[in-house]
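Keep in mind that the numbers below use all heavy atoms, side chains included, and drop hydrogens, waters and symmetry copies. These numbers were taken from a predicted model, which means no experiment stands behind them. Just so you know, ligand 1 is whichever comes first in the structure, and atom 1 is the first atom listed for that ligand. Positions are given from 1, in the same order as the sequence printed here.
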Amino acid sequence: IKKIGVLTSGGDAPGMNAAIRAVVREGLHNGLEVYGIYDGYAGLHANNIKKLERDSVSDVINHGGTFLGSARFPEFKEESVRREAIKNLNEHGIDALVVIGGDGSYMGASKLTEMGYPCIGIPGTIDNDIPGTTYTIGFDTALTTVVEAVDRLRDTSASHKRISIVEIMGRYCGDLTLGAAVAGGMEFVAVPEMEYSDEALINEIQAGITKGKTHMLVAVCEHMTNISSLAKKVEEVTGRETRATVLGHVQRGGAPTPQDRIIATRMGSYAVKLLLQGEGGRCVGLMNSQMVHHDIIDCINNMKRPFSDELWDLSFSMF
Ligand code: ATP
C-alpha cells in the first residue's frame with residue numbers, strides 16, 4: 001500500500017484528533033501518503049477528501065471533537081452507494097483506510113474490506129460499548145467530565161439536603177455511569193447490565209433516609225427511565241426535595257485526558273502498522289494493557305464486553 005485514508009464516523013469522542021494525528025504521523029513515517037476523509041462515510045461518498053501533511057495535524061492532540069468531522073450516513077449500508085464511494089478512493093489512489101468510530105462504523109469498514117479496500121477499525125466512543133477492547137477512546141475524558149459535574153452537584157445537594165438524580169451517557173453500556181458512581185461516591189447506581197425498577201430504587205433511597213443520610217446522589221444510565229418523572233416520584237414518596245440533572249452532550253466535549261491521548265496515539269500507530277502488514281477487516285483493541293486486533297465480524301458477533309462486577313459490588317459496599 002502507498003496511500004491510506006483516515007476518517008471518523010458515528011458519535012465523536014475526545015481523543016479522536018489524537019488518533020487521526022497518530023495515523024497521519026505513523027503513515028508519513030513509513031513513507032505513505034495519508035488522506036483525510038471529512039465527515040465520515042458521507043464525506044467519502046461526497047468526495048470530501050484532502051491530502052494531509054505532517055503539519056495538518058499540528059496542535060490537534062489537545063483538542064476534543066474531530067477536526068475531520070463525523071456524520072451518520074445510513075445510505076452506506078447500500079452496496080451501490082459504497083461502489084460510488086469507492087470511485088472516489090480510486091480517483092485519489094487510496095488503497096486502504098483507518099476508520100475511527102463505533103461498531104456501526106466497523107461494519108462499514110468490514111464491507112469496504114470485502115470490496116477490496118482493507119480497513120482497520122479503531123474504537124472511538126465515550127460509551128466504552130465496543131467489544132474486543134476493554135477501553136474506547138474518549139471514555140476517560142468523559143468520566144473526568146462527569147465526575148467533575150457530580151462533585152459540583154454534591155456541594156449544592158449537601159447544602160440544601162437534596163437528592164440529586166443524574167443521567168449519564170453510555171447508550172446501553174453502564175461503564176461510564178458505574179465509573180462515575182464509584183469515583184463520585186454516589187449513593188445509588190442504575191445500569192442496563194443489571195435489573196432495574198423505579199420502585200426498587202425508591203425503596204433504596206428511602207432506606208438511605210432511614211439510615212440518616214441527609215442528601216444523596218443517584219447515577220442513572222441514559223435510556224433506563226425518565227429521570228424527571230423519577231425525581232417527582234422520589235419527592236412524593238420521601239418528602240425530600242429531589243432534582244433531576246441530565247448531563248447531556250457536555251459529556252462528549254473537552255480536551256482529552258492524557259490517558260485518552262496516549263491510547264489514541266497507540267491505537268492510531270498500531271492500525272497503520274497492521275495495514276502495512278497486509279491486514280484488513282480488523283479492529284484494534286486494548287486488552288491487559290496490550291494492543292490486540294480481531295476480525296471485525298467475529299468481534300461484533302461473538303465477543304462480549306466485560307462488565308465490572310467488582311465496581312458494581314463496590315457501589316453497594318461503599319453505601
Ligand atoms: P456510535 O457508537 O458513536 O454511535 P457508530 O459507529 O456505532 O458510533 P453508527 O451511526 O451506527 O455509529 O455508524 C456510523 C456509520 O457507519 C453509519 O452512519 C453508516 O454510514 C456506517 N454503517 C453503519 N452500519 C453499517 C453497515 N451495516 N454497513 C455499512 N456501513 C454501515
A.B. asks: Could Lys233 and Asp198 be called an ion pair, given the rule that one side-chain N must be under 4.0 Å from one carboxylate O?
C.D. replies: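 Salt bridge present between Lys233 and Asp198.
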
A.B. asks: Which ligand 1 atoms, with their elements, are less than 4.0 angstrom from a heavy-atom of Gly11?
C.D. replies: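 What qualifies from ligand 1 is 1 (P), 3 (O), 8 (O).
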
A.B. asks: Would Gly102 count as being in polar contact with ligand 1, using the rule that some N or O on each side must be under 3.5 angstrom apart?
C.D. replies: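 Among all N and O atoms of Gly102, at least one is under 3.5 Å from an N or O of ligand 1.
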
A.B. asks: Using 0.5 Å steps for rounding, measure from the CD1 atom of Ile130 to the CD1 atom of Ile137.
C.D. replies: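 Nearest 0.5 Å value for the CD1-CD1 distance: 9.0 Å.
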
A.B. asks: Which of these, Arg162, His215, Arg243, sits in a side-chain hydrogen bond (donor to acceptor under 3.5 Å, both in side chains) with Thr156?
C.D. replies: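 The passing option is Arg162.
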
A.B. asks: Would you compute the distance between atom CG of Asp298 and atom SG of Cys283 and round it to the nearest 0.5 angstrom?
C.D. replies: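 Taking CG in Asp298 and SG in Cys283, the distance rounds to 8.5 Å.
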
A.B. asks: Among protein heavy atoms, which lies nearest atom 23 (C) of ligand 1, and at what distance?
C.D. replies: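 Its nearest protein heavy-atom neighbour is Gly104 O, 3.0 Å.
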
A.B. asks: If you have a sec, work out which protein heavy atom is nearest atom 2 (O) of ligand 1 and how many Å separate them, to one decimal?
C.D. replies: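 In this structure, atom 2 (O) of ligand 1 has Arg171 NH2, 2.8 Å as its nearest protein heavy atom.
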
A.B. asks: Please confirm whether the backbone N or O of Leu32 pairs with a side-chain atom of Asn30, one donor and one acceptor, at under 3.5 Å?
C.D. replies: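 Looks like no, no N/O pair under 3.5 Å.
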
A.B. asks: Any idea which protein heavy atom is nearest atom 9 (P) of ligand 1, and the distance to it?
C.D. replies: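 It is Arg72 NH1, 3.4 Å.
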
A.B. asks: Flag the pair Arg252 and Asp12 as a salt bridge only when some basic side-chain nitrogen lies within less than 4.0 angstrom of an acidic carboxylate oxygen.
C.D. replies: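 Yes, this pair counts.
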
A.B. asks: Does Glu75 come within less than 4.0 angstrom of ligand 1, counting non-hydrogen atoms of the residue?
C.D. replies: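 Not so, Glu75 does not reach ligand 1.
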
A.B. asks: For atom 30 (N) of ligand 1, what's the nearest protein heavy-atom neighbour? Residue, atom name and distance, please.
C.D. replies: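 Answer, as residue, atom name and distance: Gly108 CA, 3.4 Å.
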
A.B. asks: Is there any N or O on Asp103 that sits under 3.5 Å from an N or O of ligand 1?
C.D. replies: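 So ligand 1 has an N or O lying under 3.5 Å from an N or O of Asp103.
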
A.B. asks: Between His45 and Phe76, is the ring centre distance below 6.0 Å?
C.D. replies: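 Ring-ring flag for His45/Phe76: false, centres at least 6.0 Å apart.
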
A.B. asks: Are Glu187 and Lys213 close enough for a salt bridge, meaning some N to O gap below 4.0 Å?
C.D. replies: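 Between Lys213 and Glu187 there is a salt bridge, with a charged N closer than 4.0 Å to a carboxylate O.
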
A.B. asks: So which heavy atom in the protein is nearest atom 17 (C) of ligand 1, and how far is it from that ligand atom?
C.D. replies: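 For this ligand atom, the closest protein heavy atom is Phe73 N, 3.8 Å.
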
A.B. asks: May I ask you to identify, for Phe76, whether its side chain, its backbone, both or neither come under 4.0 Å of ligand 1 on a heavy-atom basis?
C.D. replies: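 Both the backbone and the side chain of Phe76 come within reach of ligand 1.
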
A.B. asks: Can you list the atoms of ligand 1 that are under 4.0 Å from a heavy atom of Ser9?
C.D. replies: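 Listed by number with element, the hits are 14 (C), 15 (C), 16 (O).
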
A.B. asks: When you check the gap from the basic side-chain N to the acidic O, do Glu78 and Arg82 get nearer than 4.0 Å?
C.D. replies: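 Not counted as a salt bridge, because no side-chain N and carboxylate O are separated by less than 4.0 Å.
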
A.B. asks: How far is atom 6 (O) of ligand 1 from its nearest protein heavy atom, and which residue and atom name does that atom have?
C.D. replies: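 Nearest neighbour among protein heavy atoms for atom 6 (O) of ligand 1, to 0.1 Å: Ser105 OG, 2.4 Å.
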
A.B. asks: Kindly identify the option in Lys111, His45, Glu79 whose heavy atom sits closest to atom 27 (N) of ligand 1.
C.D. replies: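 Answer by nearest heavy atom: Lys111.
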
